[in-house]
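Have a look at the structure below, then the notes.
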Amino acid sequence: MGLIHIDLFTTLDGVAQAPGGPEEDAEGGFAFGGWQAPLFDEAVGEQVDAGMAGMDALLLGRRTYDIFAAYWPHEDGDIARLFNRLPKYVASRQAPTLEWADSTLLGPDVVAAVRELRERHANIHVIGSLDFVQTLFAERLFDRLTLWVYPILLGTGKKVFADGVVPTNLRLIEPVVASPKGAVLQRYALADGTPGVGDMTAVDQEG
C-alpha cells in the first residue's frame, strides 16, 4: 500500500495561507501572501528537493491545483519536469476543466477515491491544499506529515489545523533540521493509537 504525504509550510502560529506569493490566496483579505519568500534559503531548497524523492503522484485541492496548473507547465527545472510528468489528482466539489496534462478529477466520494489511490501509487504527495487537507486530517487519511515552520507570527489567515483534528499520535522519523534563516523542518509518520495522559506530579516525584 502506498503512502500519502502531506507537505506544508506554516508560520509559528500555524498560518499556512499563501506562502508562495501575493496572488496565491487573498481570501479573507489576507495581506501577507508570499511570507515564505524572505525566509527561503538554500537549506530549505535542498530539503524540499530531497523530500520529493520517490514521489509518483500529486494529490491537490482545487485552489492549489489552479495555482500549480497556471505556473508549472511554463517552467523548466527539476521540480517543473517532475510535476509536469506526474499524474495529478484533484479534489473538488465542482466539475472543473482540468487542462494540465495527466490530471484527473476525483469522484464525489473523495475519501474512498484517496484510499483507492494508495493501491496505485507508492508515494502520493499533497502540497498546500489547506481546505482539502482538513478532510485528510479528520479521516486520519495520511501516512507522513512534513511541516516547515517559519519564525514569524501573522495572527490571521488560514491555519494548518483550522477545523481541528481527531486525537492522533505522530512519530518523528528523522532529526529536526533548522535552516540558517530559522525555518525548522519536522517530518512525522502517523502512529497507532491516540495520545496518552499522565500525571506530571508523579513524574516529578520519580525524578
Side-chain angles (χ1 to χ4, degrees), residues 1-10 16-27 33-37 39-107 110 113-137 141-148 150 158 160 177 179 183 185-188:
M1 181 179 292
L3 302 178
I4 296 174
H5 303 250
I6 296 176
D7 304 327
L8 294 171
F9 302 94
T10 175
Q17 184 170 350
E23 308 302 322
E24 184 175 330
D25 180 4
E27 186 175 339
W35 53 263
Q36 180 191 9
L39 298 168
F40 195 91
D41 56 31
E42 185 177 346
V44 175
E46 289 176 353
Q47 289 292 332
V48 168
D49 288 346
M52 294 182 183
M55 181 190 301
D56 62 352
L58 277 173
L59 175 58
L60 305 170
R62 169 66 189 281
R63 187 187 298 273
T64 299
Y65 174 84
D66 287 345
I67 293 168
F68 280 23
Y71 179 78
W72 289 112
H74 312 291
E75 296 297 311
D76 197 7
D78 292 342
I79 294 178
R81 286 190 289 271
L82 175 64
F83 285 1
N84 287 326
R85 69 172 174 78
L86 287 180
K88 276 77 68 174
Y89 300 96
V90 185
S92 175
R93 297 182 182 89
Q94 311 299 322
T97 300
L98 306 179
E99 298 183 352
W100 194 6
D102 298 317
S103 296
T104 302
L105 183 66
L106 297 181
V110 171
V114 171
R115 290 192 172 115
E116 191 274 334
L117 290 180
R118 277 175 155 171
E119 305 299 324
R120 299 164 56 185
H121 297 286
N123 289 288
I124 306 159
H125 282 249
V126 185
I127 301 174
S129 306
L130 275 182
D131 293 337
F132 174 49
V133 160
Q134 304 309 314
T135 298
L136 301 181
F137 284 147
L141 192 50
F142 67 97
D143 303 283
R144 299 289 185 269
L145 174 61
T146 297
L147 281 178
W148 274 106
Y150 287 77
K158 296 178 183 178
V160 172
V177 175
S179 79
L185 169 63
Q186 304 164 55
R187 284 197 172 107
Y188 296 97

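What you see is a predicted model, and the numbers here were worked out from it, not measured in a lab.
- Distance alone, capped at 3.5 Å, is enough to place a donor-acceptor pair between the Lys88 side chain and the Phe83 backbone.
- Other residues, nucleotides and ligands place no more than 12 heavy atoms under 6.0 Å from the CD atom of Glu23.
- Proximity of Arg62 to Asp131: side-chain heavy atoms (C-beta onward) are nowhere separated by under 4.5 Å.
- Interatomic distance, Ile4 CD1 to Leu141 CG, rounded to the nearest 0.5 Å: 4.5 Å.
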TODO: Mind running side chain to side chain contact (heavy atoms under 4.5 Å, CB included) on Asp49 and Ile79 for me, showing each step along the way?
DONE: CA-CA 8 Å; Asp49 288 346; Ile79 294 178; 3.6 Å; yes
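- Taking both residues in full, the closest heavy atoms of Leu106 and Ala113 are given as CD2-CB, 4.0 Å, listed atom of the first, atom of the second, then distance.
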Task: Check against side chain to side chain contact (heavy atoms under 4.5 Å, CB included), Met1 and Asp143 - done: CA-CA 11 Å; Met1 181 179 292; Asp143 303 283; over 6 Å; no
- [ ] Give the intermediate values and the outcome of side chain to side chain contact (heavy atoms under 4.5 Å, CB included) for residues Tyr65 and Leu98.
- [x] CA-CA 9 Å; Tyr65 174 84; Leu98 306 179; 3.5 Å; yes
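- The structure places OH of Tyr71 at 11.5 Å from CH2 of Trp100, a figure rounded to the nearest 0.5 Å.
- Note: Thr10 OG1 to Tyr150 OH = 10.5 Å, rounded to the nearest 0.5 Å.
- Phe9 is not listed as a side-chain neighbour of Leu39, based on a closest heavy-atom distance of 4.5 Å or more.
- Scanning both residues, Ser129 and Gly61, for their nearest heavy atoms gives OG-N, 2.9 Å.
- With rounding to the nearest 0.5 angstrom, the OH atom of Tyr188 is 10.5 Å from the OG1 atom of Thr146.
- When side chains are defined from C-beta on, Trp148 counts as touching Val48, because their heavy atoms get closer than 4.5 Å.
- Here the CG atom belonging to Asp66 is positioned 10.0 Å from the CD atom belonging to Glu99, to the nearest 0.5 angstrom.
- Below 30°, between 30° and 60°, or above 60°: for Phe68 and Trp72 the angle between ring planes is above 60°, a perpendicular geometry.
- Taken from NE2 in His125 to CG in Leu82, the straight-line distance is 9.0 Å, to the nearest 0.5 Å.
- The existence of a salt bridge linking Asp78 and Arg81 is confirmed by a sub-4.0 Å separation between a basic side-chain nitrogen and an acidic carboxylate oxygen.
- Scanning both residues, Gln17 and Glu27, for their nearest heavy atoms gives NE2-O, 3.0 Å.
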TODO: Could you walk me through whether Gln47 and Arg187 pass side chain to side chain contact (heavy atoms under 4.5 Å, CB included), step by step?
DONE: CA-CA 11 Å; Gln47 289 292 332; Arg187 284 197 172 107; 3.4 Å; yes
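- Leu185 has its side chain out of reach of Val44: every pair of non-hydrogen atoms, C-beta onward, lies at least 4.5 Å apart.
- Of all the heavy atoms in Leu59 and Ile124, the pair that sits closest is CB-CG2, 3.7 Å.
- Closest heavy-atom contact between Pro87 and His121: CG-CE1, 3.6 Å.
- Between the Asp56 side chain and the Asn123 main chain, a donor and an acceptor come within less than 3.5 Å of each other.
- Contact of the Phe142 side chain with the Val126 side chain is not registered, since no non-hydrogen atoms from C-beta on lie closer than 4.5 Å.
- When every heavy atom of Glu75 is checked against every heavy atom of Asn84, the shortest pair comes out as O-ND2, 4.3 Å.
- Annotation: side chain of Phe137 is in contact with side chain of Ile6 (closest heavy-atom distance under 4.5 Å).
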